[in-house]
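Structure first, then comments.
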Amino acid sequence: MTDERKEKLRENFARVRAEIAARRPEAILLAATKTVPTEEINYAIDHLGLTHIGENRVPELLEKYESIHKYTPDGKPVQIHFIGHLQTNKVKYIIDKVDVIQSLDRLSLAEEIQRQAEKHQRTVDVFVEVNIGREEAKSGVDPAEVGAFLDQLTAFSRIRVRGMMTMAPKCASFEEYSKYFAEMRQIFIDNSEKNVHNRLEACLSMGMSDSYAAALSAGSDMIRVGSTLFGARIYPEGPK
Ligand SMILES: *Cc1c(COP(=O)(O)O)cnc(C)c1O
């Protein structure tokens, strides 16, 4: 990595952190690291205080996993979250590698997570993904179904619901994003009351590069930021 690149990352992280400090100091910054080389991820872990990373593709996560630093300089474990759409047949590859699966959005996926968790004799922390924009093409549970889905999940002994995740639709303004995030926050609060394990620790994951300021102001506990930290993504095989 060039000194110029390091300086750029330092600036980008500082900019996002300033926004967190101003709007919601307790929120966690998760770096969305798809397409980001491990060298840059490790630089951020070693020098920029990064503690949480999110990957969205199973093959990419597996490729990078061994070389991603597992601890911060002061000895805290780095958390790896899976944030992308997860195919049921791929659960087995990541079950022992991720701290949280943020994209639990259907019963069949819960069944497979339970099955793999039993095999590995462990409990898996998940967030329920909510499709707050009710968009046809997007994954996530319909907002009206969240309560019922959480009820169904209580049957899975090895799945611990630790929070909720959402991706807002593409909006043109802070105000427009704020409406979606406020609604999501309300769903989170309403359902945490009864169904989310250990609700004091429950986490609401919302806000990306173009929306994290609005998400923080609406009460996000974790923002997932990619391109604002690392620059525009270059996909080797073309855009998704
Ligand atoms: C890529 C990604 C992000 C971050 O997107 P940016 O717009 O680059 O900040 C956040 N969440 C999920 C689920 C993603 O796939």
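Order of listing sets the numbers, starting from 1, for every ligand and every atom in it. None of these values were measured; they are calculated from a predicted model.
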Quick note on ligand 1: atoms under 4.0 Å from a heavy atom of A32 include exactly 3 (C), 4 (C)
Quick check: does any side chain N or O of S209 sit under 3.5 Å from a backbone N or O of T228, one acting as donor and the other as acceptor? yes
Could you walk me through whether I223 and L29 satisfy the side-chain contact (heavy atoms from CB on, under 4.5 Å) test, starting with their C-alpha distance in whole Å, then the side-chain angles of each, then the deciding distance to 0.1 Å, before giving a yes or no? CA-CA 5 Å; I223 54 174; L29 172 59; 4.0 Å; yes
Please check: side-chain N/O of R162 versus main-chain N/O of D125, any donor-acceptor pairing under 3.5 Å? no
With heavy-atom distances below 4.0 Å as the criterion, list the atoms of ligand 1 near S227. 6 (P), 7 (O), 8 (O), 9 (O)
Given I83, T166, D210, which one has a non-hydrogen atom that is nearest to atom 12 (C) of ligand 1? I83
Per-atom contacts of ligand 1 with S209, taking only distances under 4.0 Å to non-hydrogen atoms: 6 (P), 7 (O), 8 (O), 9 (O)
Do V130 and F127 land in one hydrophobic cluster if side-chain heavy atoms of ILVMFWY residues count as linked below 4.5 Å? no
Taking the six-membered ring of F230, is NZ or CZ of K8 closer than 6.0 Å to its centre and within 45° of its axis? no
Could you check if a side-chain atom of K179 sits within less than 4.5 angstrom of a side-chain atom of E183, using non-hydrogen atoms only? no
Steps toward salt bridge (charged side-chain N to carboxylate O under 4.0 Å, His left out) verdict (R24, E26): CA-CA 6 Å; R24 190 155 166 89; E26 63 272 45; 3.5 Å; yes
Compute the minimum heavy-atom distance from V225 to ligand 1 and say whether it is under 4.0 Å. yes
Look only at interatomic distance and state if G226 has a nitrogen or oxygen under 3.5 Å from any nitrogen or oxygen of ligand 1. yes
Within the 4.0 Å heavy-atom shell around N56, which atoms of ligand 1 are there? 14 (C), 15 (O)
Which bit of K34 is near ligand 1, meaning a heavy atom under 4.0 Å away: side chain, backbone, both or neither? side chain
Considering both backbone and side-chain atoms of T228, is one of its nitrogen or oxygen atoms within less than 3.5 Å of a nitrogen or oxygen in ligand 1? no
